[in-house]
Amino acid sequence: MADKIDRNLSHSTVHVTLSTAAKPMRYLYYPGCSLEGTAVEYDLATRALMQALDIDVIDVAGWTCCGATAASGVSRLLALSLAARNLALAEAMHSDCDLLVPCSACYLNLQRAAHAMREEPQTRAAVNRILADEHLSVTGTVRVRHILDVLARDVGADTIASHVRRPLNGQTIAPYYGCQCLRPYAVFDDPQAPASMSPLIRAVGAEVLPWTMGPRCCGGAHMTTHMHAGMDLTGAILAAAKDADAIATVCPMCQINLDGFQKKIARHRGAVLETTVVYLPQLLGLAMGLGPHAVGLQRNLSVTASFKNALRSLEASV
Amino acid sequence: MLHSATERKGEGVSLEAHTASVRQMMRACIQCGTCSASCPNAGAMDMTPRRIWRCVQMDSFEEIFTSQTFTLCSSCYYCSLRCPRGLQPADAMAALKCIAAARQMPQHRSSTLFYRYFLRSVRRNGRVHEMEVMTGYFAHMKNPLLPLRYASLGWKLTSKGKISLPRPARGKGKLDALFAKVAQVEEEN
Ligand code: SF4
Ligand code: SF4
């Protein structure tokens, strides 16, 4: 098993970026559909955090849906083409920047398409025929990076720590990774026992909840098509986080399952499951002194009164 | 227009031909059960993942497609990570979903319809419009209680300014050409 993970890790780690590079850090940015809708605060917080860290993000011009989970359940070629269209747009921008992706589902689709374009010449030819109508072509060479990967390895906990203005002392955070930033492409973390979020959480003065639910599945789209199965999976995560002050997420699907369905799941289980759920960039941004509005906290569906109070008293103590 | 790129593929192709690629993917399965033991949805499935791979190897179509098992796969990729034969069972689950969608199997209507409305929105707007997907899906499911399950979430999302009413569909869809071309290339192959 360890062998296989190592193989995956070394196979998929395409490059190493040095955070000490003199050049200003810069990324192409693919927000994805959720970040314009139900996850708008993830977009706000990511942009605000990057700005506070002096990192440029350049939107991929004319981006479209990556295919989400739906396309891969209908046709592999359609799924690859929808994702590859965005890789082609990114490649056409002729930059040597990596492609920063906050949504884990988008990340997996783009990563899968990039792999297929590099490794399956026939598939690449088919996709390029499909994209040719728009005068686009794809090679799969742009490096697709999840935001957690960028924060953990390019930015690093030390840089985050040096920007902290309002340490989240006394707060215990449950790091929730979900599936698709970890599996099947094990690029930056152990896909079964991930730990990349822990140093970032400690860097902002908070404690990490010891738990094993970090890489477990929230049920993804089940909440729409198989609600009871979805409620069981998300409910188990919420129940395990009961001693945390907040859950930190890195995926819009995980986030809405954990915050949007929280009350319904609590009723279904007959339990009290009131928990704050925030995106990791929101948490880091708050500690770095960004205001709640700047990280879109008013848009979150579950922020408890005690979390708000804690933020206020931390503010007052600065 | 509702029909997504490959749904035409269902016409005139035998189920055997359709399933052959999945059988090929799972040919080397040794029935160890690691996938079933790793699957977070195994408890909700009527047939374990291990057993569905056996059925795939045996061409037991009836059993595979009366089962809801593959629709209960939430693409967590634990099985693909742990399979000692290095197989990709998660991709095989997705391939079974594709077959059910392409053949518009009535017993899998609820999942495949959701995918279709999702993709219709993508085709039309380029980006998915979440409210448009849900209204289309609910209307087609004709289950008057279904929208109520999501009513409080819908209200919360609206009041947070996260979703808005869909614009009426007019003219050409943004990704019509891409969807049509995918269908064409798939038909040729
Ligand atoms: S883990 Fe792999 S070999 Fe074992 S039963 Fe599942 S698919 Fe077959
Ligand atoms: S990918 Fe699907 S079948 Fe495999 S373990 Fe996860 S939910 Fe189960």
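To find a chain, count down the sequence lines: A is the first, B the second, and so on, and within it residues start at 1.
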Can you list the residues that meet the side-chain contact (heavy atoms from CB on, under 4.5 Å) rule with A:C103, with sequence neighbours excluded? A:L35, A:A105, A:C106, A:P252
Against chain B, work out which of A:E134, A:K263, A:M223 has the most heavy-atom pairs shorter than 4.5 Å and name it. A:M223
Contact between B:Y77 and A:L108 at the side-chain level, heavy atoms closer than 4.5 Å - yes or no? yes
Which bit of A:E41 is near chain B, if near means a heavy-atom gap under 4.5 Å: side chain, backbone, both or neither? side chain
Contact list (residues 59-74 of chain B to chain A, heavy-atom gap under 4.5 Å, by number) returns B:Q68, B:T71, B:L72, B:C73, B:S74
Between chain A and each of B:M93, B:R127, B:K181, count heavy-atom pairs under 4.5 Å; write down the option with the most. B:R127
If you count heavy-atom pairs under 4.5 Å with chain A, which of B:S75, B:S110, B:A177 comes out on top? B:S75
Would you mind reporting whether A:L301 and A:F261 have side-chain heavy atoms less than 4.5 Å apart? no
Side-chain donor or acceptor of B:S121 paired with backbone N/O of B:H129 under 3.5 Å: yes
Taking side chain as everything from C-beta outward and backbone as N, CA, C, O, which of these in B:V128 sits under 4.5 Å from a heavy atom of chain A? Side chain, backbone, both or neither. both
Go through A:A221, A:G220, A:P215 and name the one with the most non-hydrogen pairs under 4.5 angstrom from chain B. A:P215
Short question: side chain of A:T276, backbone of A:T304 - any donor-acceptor pair under 3.5 Å? yes
Please work out whether the ring planes of A:W63 and A:Y30 are parallel, tilted or perpendicular, with thresholds of 30° and 60°. perpendicular
Against chain A, residues from residues 19-55 of chain B with at least one heavy atom under 4.5 Å, in numeric order, are B:P40, B:N41, B:A44
salt_bridge(A:R299, A:D43) N-O dist < 4.0 Å: no
Carefully, step by step, assess A:Y177 and A:L148 under the rule side chain to side chain contact (heavy atoms under 4.5 Å, CB included). CA-CA 9 Å; A:Y177 299 79; A:L148 177 55; 3.6 Å; yes
Taking 4.0 angstrom as the limit, do B:E188 and A:R129 come out as a salt bridge? yes
Please classify the contact of A:L233 with chain B as side chain, backbone, both or neither, using a heavy-atom distance under 4.5 Å. side chain
Using non-hydrogen atoms and a 4.5 Å limit, figure out which bit of A:N300 sits close to chain B: side chain, backbone, both or neither. backbone
Summary of salt bridge (Lys or Arg N to Asp or Glu O under 4.0 Å) pairs that have at least one residue in residues 31-43 of chain B, sequence neighbours excluded: none
Segment of A:R85 engaging chain B (4.5 angstrom heavy-atom cut-off): side chain
Would a 4.5 Å heavy-atom cut-off, applied to side chains only, mark B:D176 and B:R123 as touching? yes
For A:M213 and A:A240, the nearest pair of non-hydrogen atoms, with its separation, is CG-CB, 3.4 Å
How close do A:A113 and A:A83 get, heavy atom to heavy atom, and via which atoms? CB-CB, 3.7 Å
Find out whether A:S81 and B:L178 are in side-chain contact, i.e. whether some heavy atom of one side chain is under 4.5 Å from a heavy atom of the other. yes
So for B:L96, is it side chain, backbone, both, or neither that comes closer than 4.5 Å to the heavy atoms of chain A? neither
